[in-house]
Amino acid sequence: MADDDSRTGRTHYTSPAIRAYLDDLYLPPDPDLAYAVAELDRAGMPRIQVSATEGKILYLLVQMIRARRVVEFGTLSGYSGLWILKAMGQDGHLWTCEYNPEHARVARGVFERAGYGPQVSVFEGPGLQSLDKLAHFAPFDAVFLDADKSGYARYARWAFEHLRPGGLIIGDNTYLFGYLAGRAPDHQWNAQAIEAMRDFHAFVAAHCTAVCLPTPDGLTVGMKPY
Ligand SMILES: C[S@@+](CC[C@H](N)C(=O)[O-])C[C@H]1O[C@@H](n2cnc3c(N)ncnc32)[C@H](O)[C@@H]1O
């Protein structure tokens, strides 16, 4: 029977039991990924990595387009980077930007330990200031945005310019923690930040074949047309 509430997103059928059942099936334990998460706690870093399901979505997307050259903004301890590297296999390369030197140091250790050291370039510094350097390695197959949310629109324009046709722009937290629409700006996310995220969505919607997946905080996937 038709269920307008779930189709329109007003209700959903997720439950802890369903999540546990599906995670058991689709997300087998991986010691490298577990180590990247454990490193967050050990180093006193925030647990703000993508979820395992979002990591698996990244993995699938990277494999579906046979990506070999991926850029990431927002490395943290390398958790999402590992998902991307594992999906690319031995001939892939990840350029990942991180402005916190301690996060970059921890991530390098995580990548090395998992055997991906030679396949990763960790760029230290603000992502927007690394764009010119990164452009030397274009064209890319995918660009994953998970750093400064106010920069997403600028990252997306840069990504579009430096992606091959069929390449992907992927952005996490594109609901802007609930502030994207229908919520008043405040000290956490001001009007300018909300406008910047809306500018990101407007750009991706206008230039890419795209959708915003309804993950807990929105995961936007846009393909540069062929
Ligand atoms: C949400 S975390 C990234 C999580 C990571 N992608 C994962 O899933 O494992 C965001 C990271 O971006 C970094 N960051 C924040 N602003 C940045 C900027 N302007 N340039 C580069 N990195 C930035 C933070 O230090 C933090 O490590």
Side-chain angles (χ1 to χ4, degrees), residues 27 30-62 67 70-88 94-114 116 119-135 140 142-159 168-179 188-190 192-193 196-197 200 213 215-221:
L27 300 166
D30 177 305
D32 300 329
L33 294 168
Y35 183 78
V37 175
E39 279 295 271
L40 292 173
D41 296 338
R42 196 200 51 74
M45 290 159 64
R47 273 191 174 235
I48 51 172
Q49 78 280 16
V50 297
S51 71
T53 298
E54 289 155 353
K56 189 70 179 277
I57 292 172
L58 287 176
Y59 181 93
L60 263 175
L61 291 170
V62 165
V70 177
V71 177
E72 173 183 65
F73 294 98
T75 316
L76 196 65
S77 75
Y79 179 78
S80 54
L82 276 183
W83 276 106
I84 292 166
L85 286 158
K86 284 171 183 278
M88 287 193 293
L94 176 72
W95 290 265
T96 181
C97 294
E98 173 56 58
Y99 81 167
N100 183 315
E102 174 64 3
H103 295 187
R105 187 190 65 75
V106 169
R108 283 193 183 98
V110 164
F111 294 135
E112 284 288 341
R113 183 180 177 278
Y116 291 104
Q119 290 178 250
V120 188
S121 306
V122 180
F123 276 58
E124 254 179 78
L128 288 173
Q129 287 178 29
S130 303
L131 298 182
D132 288 346
K133 274 183 283 173
L134 277 167
F140 302 109
V143 176
F144 175 47
L145 311 182
D146 198 17
D148 44 326
K149 310 303 166 193
S150 302
Y152 273 29
R154 287 174 64 192
Y155 289 122
R157 286 181 170 84
W158 177 88
L168 301 179
I169 299 173
I170 308 166
D172 194 22
N173 308 114
T174 55
Y175 290 171
L176 197 59
F177 308 98
Y179 283 76
Q188 220 182 330
W189 296 103
N190 61 28
Q192 214 179 346
M197 186 58 85
F200 163 81
L213 297 174
T215 57
D217 195 24
L219 184 75
T220 297
V221 182

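As the structure lists them, so they are numbered: ligands from 1, and atoms in each ligand from 1. Keep in mind that what you see is a predicted model, and the values were worked out from it rather than measured.
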Minimal non-hydrogen separation, Ala43 against Glu102, with atom names: CB-OE2, 4.2 Å
Salt bridge (Lys or Arg N to Asp or Glu O under 4.0 Å) pairs, two or more places apart, involving residues 35-44: Glu39-Arg42, Asp41-Arg47
Check: Tyr59/Lys56 side-chain N/O donor and acceptor closer than 3.5 Å: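 There is no such pair (donor and acceptor under 3.5 Å, judged by atom type) between the side chains of Tyr59 and Lys56.
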Test item, Gln129 contacting ligand 1 (heavy atom, 4.0 angstrom): no
Gly125 near ligand 1 by a heavy-atom separation under 4.0 Å: yes
Minimum non-hydrogen distance to atom 20 (N) of ligand 1, winning option of Pro101, Gly127, Ser77: Gly127
Option whose closest heavy atom lies nearest to atom 23 (C) of ligand 1, chosen from Ala147, Pro46, Ser130: Ala147
Contact atoms of ligand 1, heavy-atom distance to [X] under 4.0 Å:
| X | answer |
| --- | --- |
| Pro126 | 20 (N) |
| Val50 | 7 (C), 8 (O) |
| Tyr79 | 9 (O) |
| Ser80 | 5 (C), 6 (N), 7 (C), 8 (O), 9 (O) |
| Leu76 | 3 (C), 4 (C), 5 (C), 27 (O) |

Gln188, CD atom: more than 12 neighbouring heavy atoms under 6.0 Å: yes
Arg154 CZ: over 12 foreign heavy atoms closer than 6.0 Å: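 No, CZ of Arg154 has 12 or fewer neighbouring heavy atoms, counting only those of other groups under 6.0 Å.
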Protein contact of [atom] - nearest heavy atom, named by residue and atom, plus distance:
| atom | answer |
| --- | --- |
| atom 24 (C) of ligand 1 | Glu98 OE2, 3.4 Å |
| atom 1 (C) of ligand 1 | Ile48 O, 3.2 Å |
| atom 22 (N) of ligand 1 | Tyr99 N, 3.2 Å |
| atom 18 (C) of ligand 1 | Asp148 OD1, 3.4 Å |
| atom 10 (C) of ligand 1 | Asp146 O, 3.1 Å |
| atom 12 (O) of ligand 1 | Gly74 CA, 3.3 Å |

Which segment of Glu72 sits under 4.0 Å of ligand 1 when only heavy atoms are counted: side chain
Side chain, backbone, both or neither: Thr75 near ligand 1, heavy atoms under 4.0 Å: backbone
Identify every side-chain donor-acceptor pair in residues 123-132 under 3.5 Å, counting partners at least two apart or on other chains, and give the distances.
residue	atom	partner	partner atom	Å
Glu124	OE2	Arg108	NH1	3.0
Glu124	OE2	Arg108	NH2	3.3
Ser130	OG	Pro126	O	3.3

